[in-house]
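Remember, it's 1-based here, ligands and their atoms both numbered in the order they're listed.
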Amino acid sequence: MHIPDIIIAIDGCSSTGKSSFAKIIAKEFSFLYLDSGALYRGVTLLSMENGLIGDDNTINVPALTEALKSLDLHFGEKGTYMGERCIEEDIRSLAVAGKVSPIAAVPQVRDWVDNRLREFGRNRRVVMDGRDIGTTVFPDAELKIFMTANHQVRAQRRADEMRAKGIDVNLEDVMRNLQERDHIDSSRETSPLTQAKDAVVLDNSYMTMEQQMDWLKRLIVEKFGC
Ligand code: DC
């Protein structure tokens, strides 16, 4: 199936399967996959390693804004890189997950990430996942999907994902983290998690990847006639 040069924006809460779906879409249509959450996680790691966020989540915004000027986050063979260093494993830890929402609520951080994403997406043929891709980063994206799944399914998925990476977690902690992040991500002032008016909802609680792909292909045929 050949599809036109479009941007596919996938938004939704944490662990609704956005990134797994986006990666498969990228492979199927030879699109570039961009994980916007990884950039927020990278900024969080930078903040933690440089003492820019405290135990009480107080953020040194002026110092962080300064640090962003020389920050090089990009995607490579093994995932996310900060300069030469592969940070893929570090940014998936529960410690980073516990600090990422307050960092992602800082307007200067959002501006920085948005600019990076727009640079990456300027030639289109990208699939991007996040919280505000269809509303703020690419409001003109040709295809917007808003993903949901029930809470229990989401927590189990995230726990399985972390365990597969050798990270020892218990389900209760993962659930708590998801709840906290949902709350902060949906209630922050700048670009909160919201469904774009023209987004199509996909509840994948009980769907296989194959079923999701079939759903998407039908949608593409309907929308673009290809
Ligand atoms: O998708 P994720 O769980 O890796 O995202 C990590 C955090 O980054 C998430 O808690 C909220 C934030 N985020 C955001 O605010 N906007 C985005 N477009 C993507 C992620």
- Query: Is the count of non-hydrogen atoms from other residues, nucleotides or ligands lying under 6.0 Å from Asp56 atom CG greater than 12?
  - Reply: yes
- Message: Tell me whether Glu89 at atom CD has more than 12 heavy atoms from other residues, nucleotides or ligands lying less than 6.0 Å away.
- Response: no
- Nearest-option assignment for atom 2 (P) of ligand 1, heavy atoms, candidates Lys18, Arg92, Arg131: Arg131
Would you mind checking which non-hydrogen protein atom is closest to [atom], with the distance to 0.1 Å?
{"atom": "atom 12 (C) of ligand 1", "result": "Ala104 CB, 3.8 Å"}
{"atom": "atom 19 (C) of ligand 1", "result": "Ser36 OG, 3.2 Å"}
{"atom": "atom 16 (N) of ligand 1", "result": "Arg110 NH2, 3.0 Å"}
{"atom": "atom 4 (O) of ligand 1", "result": "Arg41 NE, 2.7 Å"}
{"atom": "atom 8 (O) of ligand 1", "result": "Tyr40 CB, 3.6 Å"}

May I ask you to check whether [X] and [Y] show a side-chain donor-acceptor distance below 3.5 Å?
{"X": "Asp72", "Y": "Tyr81", "answer": "no"}
{"X": "Asn115", "Y": "Glu119", "answer": "no"}
{"X": "Ser205", "Y": "Arg154", "answer": "no"}

- How far does OG of Ser19 sit from CE of Met147, to the nearest 0.5 angstrom? 9.0 Å
- Any sub-3.5 Å donor-acceptor pair from Asp11's side-chain atoms to Asp132's backbone N or O? yes
- Message: With heavy-atom distances below 4.0 Å as the criterion, list the atoms of ligand 1 near Arg158.
- Response: 3 (O)
- Query: Considering only heavy atoms of Ser101, which atoms of ligand 1 have at least one such atom less than 4.0 Å away?
  - Reply: 10 (O)
- Query: Should Arg181 be counted as touching ligand 1, given the test is an N or O pair under 3.5 Å?
  - Reply: yes
- N/O to N/O below 3.5 Å, does that happen between Asp35 and ligand 1? no
- Heavy-atom distances under 4.0 Å are what count here, so tell me which part of Asp185 touches ligand 1: side chain, backbone, both or neither. side chain
- Task: Check Arg188 against ligand 1 and report side chain, backbone, both or neither, counting heavy atoms closer than 4.0 Å.
- Result: side chain
- Criterion side-chain contact (heavy atoms from CB on, under 4.5 Å) against Met82, the qualifying member of Leu46, Val43, Asp90: Leu46
